[in-house]
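Each remark here refers to the structure printed beneath this line.
Note that the structure is predicted; figures quoted are calculated from it, not measured. Read the numbers this way: they start at 1 and go in the same order the structure lists the ligands and their atoms.
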Amino acid sequence: MMASLPDGYRALVLGASGAIGGALVDALRADARCSRVSALSRRPGSQGEPAIDLADPASLAAAAAALRAQGPLHLVICATGALHLGHRGPEKRLADLDAATMAQAFAVNSIGPALVIQQFHDLLAPRERALMAVLSARVGSIGDNRKGGWYSYRASKAALNMLLRTAAIEVARRRPLAVLAALHPGTVASRLSAPIIGDAEAATPEQAARDLLAVLDALPAEGASGCFRAWDGSAIPW
Ligand SMILES: NC(=O)c1ccc[n+]([C@@H]2O[C@H](COP(=O)([O-])OP(=O)(O)OC[C@H]3O[C@@H](n4cnc5c(N)ncnc54)[C@H](OP(=O)(O)O)[C@@H]3O)[C@@H](O)[C@H]2O)c1
């Protein structure tokens, strides 16, 4: 696993309390070539990691400062996100739009991960291959939007994709070996998806974690940074 990263690589997963985030942590901790996996979530981690909240930029800065002392990272995955905010499900029609809920969606799905990239990009190993991913969603694709609905979630993931792409251009100037990617994990059984998938087929978080790590591992060193990929490695239109 993660054969493209140096032996003894160090990894960080944010959103480790989530279904996919937790499975990513487990998969990486099972990899003998991985020397450390830090797991951040809204609760303190089992290895002394501080709690973070995407709505609290100072908590992200403090976590980055704490991790900096442990050496550079080769893999950072932001697996946070929200579809149902408060008591509201995703909007079906324009009449459902609510300014406060929309702002919350952007805070969690776009601004929070952007602040994660801001705080953690310079912990990426500067002269080795390093991978940084945010979990996006296919429904954040503007070109692929044929069904409509889910206004805030779609728009906040589209904004996330733009933020990731823009950051990739900047990060490349100082870390030419770093590859940044927005990933769609597929339909995965989780707290987030439970209210909407019902009996529909969904991947297990363990399968999703394996798929996502394989996609990241296979991203070429040149020309891939700033991409939007699905769990099977296919490119998703912006
Ligand atoms: N499951 C799917 O079918 C599917 C499909 C497409 C895309 N995705 C994307 O995949 C990612 C992971 O989703 P999942 O299915 O694993 O959902 P999940 O089990 O609900 O996990 C969501 C994670 O986000 C964290 N989070 C939410 N708000 C946060 C905040 N303000 N600060 C810090 N952490 C926060 C949660 O923390 P708490 O535990 O503290 O709430 C949890 O760790 C999301 O970006 C989602 O949009 C999922």
Side-chain angles (χ1 to χ4, degrees), residues 12-27 38-46 49-64 76-86 89-90 101 103-117 119-120 132-141 144-145 147 150 152-161 163-164 181-213 215-216 228-232 234 236:
L12 165 65
V13 178
L14 299 103
S17 56
I20 301 173
L24 285 164
V25 171
D26 292 345
S38 300
L40 295 178
S41 74
R42 286 195 268 201
R43 291 185 292 278
S46 61
E49 298 96 329
I52 53 118
D53 193 316
L54 296 181
D56 176 9
S59 73
L60 297 173
V76 176
I77 306 177
C78 183
T80 57
L83 174 60
H84 294 75
L85 293 155
T101 311
Q104 231 184 322
F106 278 90
V108 179
N109 292 328
S110 327
I111 299 168
L115 297 177
V116 167
I117 300 172
Q119 292 298 335
F120 291 93
M132 186 176 227
V134 294
L135 293 198
S136 182
R138 187 185 295 277
V139 297
S141 164
D144 194 48
N145 183 0
K147 282 193 190 157
W150 293 24
S152 299
Y153 186 70
R154 281 184 187 279
S156 62
K157 291 294 192 181
L160 170 64
N161 292 346
L163 290 160
L164 179 285
L183 300 179
H184 166 61
T187 302
V188 183
S190 76
R191 223 181 330 142
L192 178 147
S193 64
I196 45 142
I197 58 176
D199 293 336
E201 208 175 308
T204 63
E206 293 72 25
Q207 185 59 52
R210 280 194 294 276
D211 291 340
L212 293 171
L213 291 173
V215 171
L216 284 172
F228 183 21
R229 295 285 176 93
W231 59 274
D232 58 359
S234 58
I236 301 176

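In this structure, the side chain of His184 engages the main chain of Arg138 through a donor-acceptor pair within 3.5 Å. Judged by distance alone, with hydrogens and angles left aside, the side-chain atoms of Arg154 form a donor-acceptor pair with the main-chain N or O of Val139 at under 3.5 Å. The backbone N or O of Asn109 sits nowhere less than 3.5 Å from a side-chain atom of Ser156 that would complete a donor-acceptor pair. In this structure a side-chain-to-backbone donor-acceptor pair under 3.5 Å is present from Ser193 to Val188. Counting only distance, with no hydrogens or angles, the side chain of Lys157 and the backbone of Leu135 share a donor-acceptor pair below 3.5 Å.
Here the shortest heavy-atom distance to atom 14 (P) of ligand 1, taken over Ala189, Ser190, Ala137, Ser136, belongs to Ser190. Looking at Val13, Thr80, Ile52 and measuring to atom 34 (N) of ligand 1, the nearest heavy atom belongs to Thr80. For the residues Val188, Leu54, Asp56, the heavy atom positioned nearest atom 32 (N) of ligand 1 is part of Leu54. Of the options Asn109, Val108, Leu135, the smallest heavy-atom separation from atom 11 (C) of ligand 1 is shown by Leu135. The option with the heavy atom closest to atom 12 (C) of ligand 1, from among Ala182, Ala230, Ala79, Gly81, is Ala79. When Ser193, Gly186, Ala82 are checked for heavy-atom proximity to atom 4 (C) of ligand 1, Gly186 turns out nearest.
At a 3.5 angstrom cut-off on N or O pairs, Ala55 does not count as close to ligand 1. Some N or O of Gly15 is nearer than 3.5 Å to an N or O of ligand 1, by distance alone. For ligand 1, the polar-atom distance check finds no N/O of His184 at less than 3.5 Å from any of the ligand's N/O atoms. Residue Ala16 has no N or O atom closer than 3.5 Å to an N or O atom of ligand 1. Between Thr187 and ligand 1, no N or O atom pair is found at a separation short of 3.5 Å.
At a heavy-atom cutoff of 4.0 Å, ligand 1 is contacted by the side chain of Lys157 but not by its backbone.
Between Ile77 and Leu12, every side-chain heavy-atom pair lies at or beyond the 4.5 Å cut-off. Taking the side chain as every heavy atom from C-beta outward, Leu14 and Ile52 approach each other to under 4.5 Å. Using a 4.5 Å heavy-atom cutoff, the side chains of Leu85 and Tyr153 are not in contact. A heavy-atom distance below 4.5 Å is found between the side chains of Val116 and Leu54.
Residues Ala159 and Ser110 share a closest heavy-atom pair of CB-OG, 3.7 Å. Taking all atoms of both residues into account, the shortest heavy-atom contact from Leu40 to Ala63 is CD1-CB, 3.9 Å.
With respect to atom 17 (O) of ligand 1, the closest heavy atom belonging to the protein is Leu192 CB, 3.3 Å. For atom 31 (N) of ligand 1, the nearest protein heavy atom (residue, atom name, distance) is Asp53 OD1, 3.1 Å. Protein heavy atom closest to atom 19 (O) of ligand 1, with residue, atom name and distance, is Ala19 N, 2.8 Å. Regarding atom 28 (N) of ligand 1, its nearest protein heavy-atom neighbour is Arg42 NH2, 3.4 Å. Looking only at protein heavy atoms, the nearest one to atom 21 (O) of ligand 1 is Gly18 CA, 3.3 Å. The protein heavy-atom contact nearest to atom 16 (O) of ligand 1 is Ile20 N, 3.0 Å. For atom 37 (O) of ligand 1, the closest non-hydrogen atom on the protein side is Ser17 OG, 3.3 Å. In this structure, the protein non-hydrogen atom closest to atom 47 (O) of ligand 1 is Tyr153 OH, 2.6 Å.
The shortest heavy-atom distance from Gly112 to ligand 1 is not under 4.0 Å.
In this view, Ala39 and Ala16, Val25, Arg29, Glu49 satisfy the side-chain contact (heavy atoms from CB on, under 4.5 Å) rule, not counting sequence neighbours.
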Step-by-step side-chain hydrogen bond (donor to acceptor under 3.5 Å, both in side chains) determination, Asn161 to Ser136: CA-CA 7 Å; Asn161 292 346; Ser136 182; 2.7 Å; yes
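If you number the atoms of ligand 1 from 1 as listed, the ones under 4.0 Å from a heavy atom of Pro185 come out as 4 (C), 5 (C), 6 (C), 7 (C), 8 (N), 10 (O), 48 (C).
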